[in-house]
There are 2 protein chains.
Amino acid sequence: MQDSVDHILRQWRDARPDLDCSAMGVVGRLGRVSSIWRKQIDTAFDQHELSGIEFDILATLRRSQVPLTPTELYQTLMLSSGAMSTRIEKLVQRGFIERIASEDDRRSCKVMLTEPGQQKLDAALQDHLDNMEVMLEALNKDERLQLANLLKKVLLHSR
Amino acid sequence: MQDSVDHILRQWRDARPDLDCSAMGVVGRLGRVSSIWRKQIDTAFDQHELSGIEFDILATLRRSQVPLTPTELYQTLMLSSGAMSTRIEKLVQRGFIERIASEDDRRSCKVMLTEPGQQKLDAALQDHLDNMEVMLEALNKDERLQLANLLKKVLLHSR
DNA sequence: TATTGTTATACTCTATAACTATA
DNA sequence: TATAGTTATAGAGTATAACAATA
């Protein structure tokens, strides 16, 4: 069975038989899966009127179980402080989070999930989990574990 | 050995012990690897003053070995016609591609690599291949094949 | 002086749709 | 009428840096 990457690899073999393009078989496929999954994930978030980053902010707060500062959030989610401020403000306006002024340091604040924010996240999270199960349908339990372990190996090496 | 996704999974287990978040172990890791690799790939392209899409356009023309129409290019690379026109014009201005008017259909044209364009692509491609070898360092031959095959299984199921 | 968080600015990239020329 | 390709417009998202308040 041939996929789109096999087709590309064949074209390269014809056009540049001198090159070893085997790495593309891995990197190219991972990029394509990521792109397809990204769209599918965003479609699920769309139904809750959340962007991927808005979901990530709410989810980070939810699983931490404690309020976090904007600085902690932008460092965790690898965004600039300015981009995080804008995102936070939009979520505040929609009533999903609140800023709580710090008592020790009057420059700082903590960002906390509101009750509607938690409900919004929990609903989106459930759909997200269901969605991921569909995305993984092609693989059985053992293959999922294999894939996770190979990716973990790459991650631990990259860091 | 624990990676960042293990940490997130542990947080979810504490905050929402009722949920099965195991799919995140696969999908989350794939997203992270993709994001890390994407940056590393773009860094290599940057050194040749090419964006990822500009590289893709030149590479598509190179491995096809024949001129392609803008329509074929935007369908292959999944961009809008407008976005493709803009990209093509920039590459024409830099002398990497040329538009050849069609003789049969005067609305249409073919996009062809110039000699400098081919040299630019070949240089960027060599660096890209070297770069991918580094990205895959963590995995041996057999593991790379396993990873490619698992991803291919996902791809064939998604299509 | 340094740091926290916000705001203003400018930039990149895109899709959409209007548009021209041709089929 | 439909199609190929271009152009104009507007929108989303970002990083950067200027900024105000506080440490």
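For the numbers below, each heavy atom of this structure counts, side chains included, while hydrogens, waters and symmetry mates do not. By convention in this document, chain letters (A, B, ...) are assigned in the order of the sequence lines, proteins followed by strands, and residues within each chain are numbered from 1.
Mapped onto DNA chain D by nearest heavy atom, A:D104 and A:R87 fall at different nucleotides, with A:R87 at the one closer to the 5' end. Checking A:K90 against B:G82, the closest nucleotide of DNA chain D that is more toward the 5' end is the one next to B:G82.
Here B:L113 contributes atom CG and B:D122 contributes atom CG; the two are 8.5 Å apart, rounded to the nearest 0.5 Å. Taken from CG in A:L30 to CG in B:L155, the straight-line distance is 9.5 Å, to the nearest 0.5 Å. Separation of atoms CZ (A:F55) and CG (A:D46) is listed at 13.0 Å; rounding is to 0.5 Å.
The separation between B:E103 atom CD and C:dA23 atom P is 13 Å, rounded to whole Å. Between A:E72 atom CD and C:dT3 atom P the separation is 16 Å, expressed in whole Å. Atom CG in B:D56 sits about 11 Å away from atom P in C:dT14, given to the nearest Å. Taking atom CD1 on B:I53 and atom C1' on C:dT12, their separation rounds to 11 Å, with Å as the unit. As a whole-Å value, the separation of A:Y74 OH from D:dT16 P is 12 Å. Counting to the nearest Å, the C1' atom of C:dT4 and the CZ atom of A:R99 are 12 Å from each other. Atom CG of B:D105 and atom C1' of D:dA4 are 7 Å apart (whole Å). We find that NZ of A:K39 is positioned 13 Å from C1' of C:dA15, with the value rounded to whole Å.
Across all strands shown, A:I88 has no heavy atoms under 4.0 Å from either base or sugar-phosphate atoms. Note on A:T69: only backbone sugar-phosphate atoms sit closer than 4.0 angstrom, heavy atoms only; bases stay farther off.
Side chains of A:K110 and A:L68 form no contact here, defined as non-hydrogen atoms less than 4.5 Å apart.
In the set D:dT3, D:dA23, C:dA15, C:dA15 carries the atom at the smallest distance from any side-chain atom of B:S80. Taking every side-chain heavy atom of B:P70 into account, D:dT6 is the closest of D:dA23, C:dT4, D:dT6. Of the listed nucleotides (C:dA23, D:dT6, C:dA2), D:dT6 has the atom at the smallest distance from the side chain of B:S85. Listed candidates were D:dT7, C:dT6, C:dA23. Nearest to the side chain of A:S81 is C:dT6.
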* Kindly indicate, with the supporting measurements, whether the criterion side chain to side chain donor-acceptor pair (under 3.5 Å) is fulfilled by A:Q126 and A:D130. => CA-CA 6 Å; A:Q126 186 59 63; A:D130 295 344; 3.2 Å; yes
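The shortest distance between the side-chain N/O atoms of A:R107 and the OP1/OP2 oxygens of C:dA2 is not below 4.0 Å.
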